[in-house]
S.K.: 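Structure provided below as structure tokens; questions to follow.
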Amino acid sequence: MTYQGKWALITGASAGIGKTFAEKLAAQGANLVLVARRKERLDALGAALASEHGVSVKSIAADLADPLAPEEIARSLSNDNVNIDILVNNAGFGLPGVFTDNSWRAHRDFIELMVTSYAHLTHLLLPGMVDRQYGRIIQVASVAGLVPGSSGHTLYGASKAFLVSFAQSLAAECSDKGVKVSALCPGFTYSEFHDVNDTRSLVSQLPKYMFMDAAPVVEGALDAVEREHVVYVPGAWNKFTAWLVKALPRPWGAAMVKKQSAKFRKKNG
Ligand SMILES: NC(=O)c1ccc[n+]([C@@H]2O[C@H](COP(=O)([O-])OP(=O)(O)OC[C@H]3O[C@@H](n4cnc5c(N)ncnc54)[C@H](OP(=O)(O)O)[C@@H]3O)[C@@H](O)[C@H]2O)c1
């Protein structure tokens, strides 16, 4: 029980990879703070995990595209005297279309959720981890943050590249403070992600070997953060893709990504 008695906060815990983080961390004894917009899902998951593993669970309904949400979450934690030891910044979605297909409001909300809320929650919770000389932070990025940008879902790769670089800097700053930091870079993972962004019919045509279940992605990420593996890519196919794009001359890598991503990126939002 690696995390017995620790408190883990997971954003986007109502589905997919975040829900799986909640299940795996509870199985290792962690108490949970579950964050997402769909409170009824968080409450149902929390009740099931509390009963199965005997952990304490608190759920907080929050829209992390709201700039005020991270401070409201921190206030709620402080009111309940909960100190977070493990932060999994995971909430996210994909915004289909090329850049000008979407309103600035949509892009602003996207950046607020996918970039700012990750940095803001880290900024609020890291000082307590440093004071207690214990912390684990996982920023859920993507293989998309490791490869050249391509047409469609314009800010997605940029937001994930930010998280990779952010995790690398945090890890360098925190290595002597008991706080371990990783960027998790999954490729295609079974979750609700492609239903939410309406690309399920496109991605269903991709070969099955390109997909992973959320469980091995999350198990690998928890192992990676303990081993201080700062940029963790789960799965042989994703590792190969990330390696190949780096090994190829830049224009070849960009051409490869352009060809592949045209198969699953929706051009019109
Ligand atoms: N699935 C993949 O193929 C894949 C690949 C690489 C990286 N990722 C990354 O993995 C992370 C998790 O995605 P997933 O695949 O697990 O997708 P998912 O099944 O759709 O889950 C997304 C989670 O994010 C939450 N969320 C979305 N918008 C939110 C908002 N404004 N405020 C608060 N919570 C919000 C959702 O909860 P509510 O709707 O209840 O708010 C849900 O819990 C994302 O960062 C994604 O970019 C996914």
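Every heavy atom of this structure was used, including side-chain atoms; hydrogens, water molecules and symmetry mates were not. Whatever order the structure lists them in is the order used to number ligands and atoms, beginning at 1.
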S.K.: Side chains of Asp43 and Ser59: donor-acceptor distance under 3.5 Å anywhere?
M.R.: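 Short answer, yes.
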S.K.: Given that the side chain starts at C-beta and the backbone is N, CA, C, O, which of these parts of Ala13 lies under 4.0 Å from ligand 1, counting heavy atoms, or is it both or neither?
M.R.: backbone
S.K.: Using a 4.0 Å heavy-atom threshold (strictly under), name the region of Lys160 that reaches ligand 1: side chain, backbone, both or neither.
M.R.: side chain
S.K.: Under 4.0 Å from any heavy atom of Val140, which atoms of ligand 1 are there?
M.R.: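 In order of number, 9 (C), 10 (O), 11 (C).
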S.K.: Any idea which protein heavy atom is nearest atom 31 (N) of ligand 1, and the distance to it?
M.R.: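 Answer, as residue, atom name and distance: Asp63 OD1, 2.8 Å.
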S.K.: According to the interplanar angle, ranging from 0 to 90°, do the rings of Phe188 and His194 count as parallel (below 30°), tilted (30 to 60°) or perpendicular (above 60°)?
M.R.: tilted
S.K.: If the cut-off is 4.0 Å to any non-hydrogen atom of Ser142, which atoms of ligand 1 fall inside it?
M.R.: 6 (C), 7 (C)
S.K.: Suppose we call two aromatic rings close when their centres sit under 6.0 Å apart. Are Tyr118 and Phe166 close by that rule?
M.R.: no
S.K.: Should the ring pair Phe211 and Tyr190 be called parallel, tilted or perpendicular, given that the plane angle runs from 0 to 90° and is split at 30 and 60?
M.R.: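 Answer is parallel, since the angle falls under 30°.
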S.K.: Taking only heavy atoms of Tyr118 into account, list the atoms of ligand 1 that are under 4.0 Å away from them.
M.R.: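 Listed by number with element, the hits are 45 (O).
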S.K.: Taking ring pair (Phe, Tyr, Trp, His ring centres under 6.0 Å) as the cut-off, I'd like each qualifying pair that reaches into residues 126-150, sequence neighbours left out, listed once.
M.R.: none
S.K.: When you look for heavy atoms under 4.0 Å from ligand 1, do you find them on the side chain of Ala214, its backbone, both, or neither?
M.R.: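 Neither part.
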S.K.: Quick check on Tyr156 - does any of its heavy atoms sit under 4.0 Å from an atom of ligand 1?
M.R.: yes
S.K.: Classify the contact between Tyr190 and ligand 1 as side chain, backbone, both or neither, using a heavy-atom distance cut-off of under 4.0 Å.
M.R.: neither
S.K.: Looking at residues at least two apart in the chain, or sitting in another chain, which of them share a salt bridge (Lys or Arg N to Asp or Glu O under 4.0 Å) with Glu71?
M.R.: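 Glu71 satisfies salt bridge (Lys or Arg N to Asp or Glu O under 4.0 Å) with no residue once adjacent residues are dropped.
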S.K.: For ligand 1, which atoms, with element, lie under 4.0 Å from some heavy atom of Phe188?
M.R.: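 In order of numbering, the contacting atoms are 3 (O).
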S.K.: In terms of residue, atom name and distance, what is the protein heavy atom nearest to atom 43 (O) of ligand 1?
M.R.: Ser14 OG, 2.7 Å
S.K.: Would you mind telling me if ligand 1 is within reach of the side chain of Arg41, the backbone, both or neither, using heavy atoms under 4.0 Å?
M.R.: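 Neither part.
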S.K.: Classify the ring geometry between His229 and Tyr232 as parallel (under 30°), tilted (30 to 60°) or perpendicular (over 60°).
M.R.: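 His229 and Tyr232: perpendicular rings.
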S.K.: Look at the side chain of Asn197 and the backbone N and O of Thr199, then say whether any donor-acceptor pair between them is shorter than 3.5 Å.
M.R.: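 The answer is yes, because a donor-acceptor pair under 3.5 Å joins these two groups.
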S.K.: For ligand 1, does Ala144 get within less than 4.0 Å through its side chain, its backbone, both, or neither, judged by non-hydrogen atoms?
M.R.: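 It is neither; nothing of Ala144 touches ligand 1.
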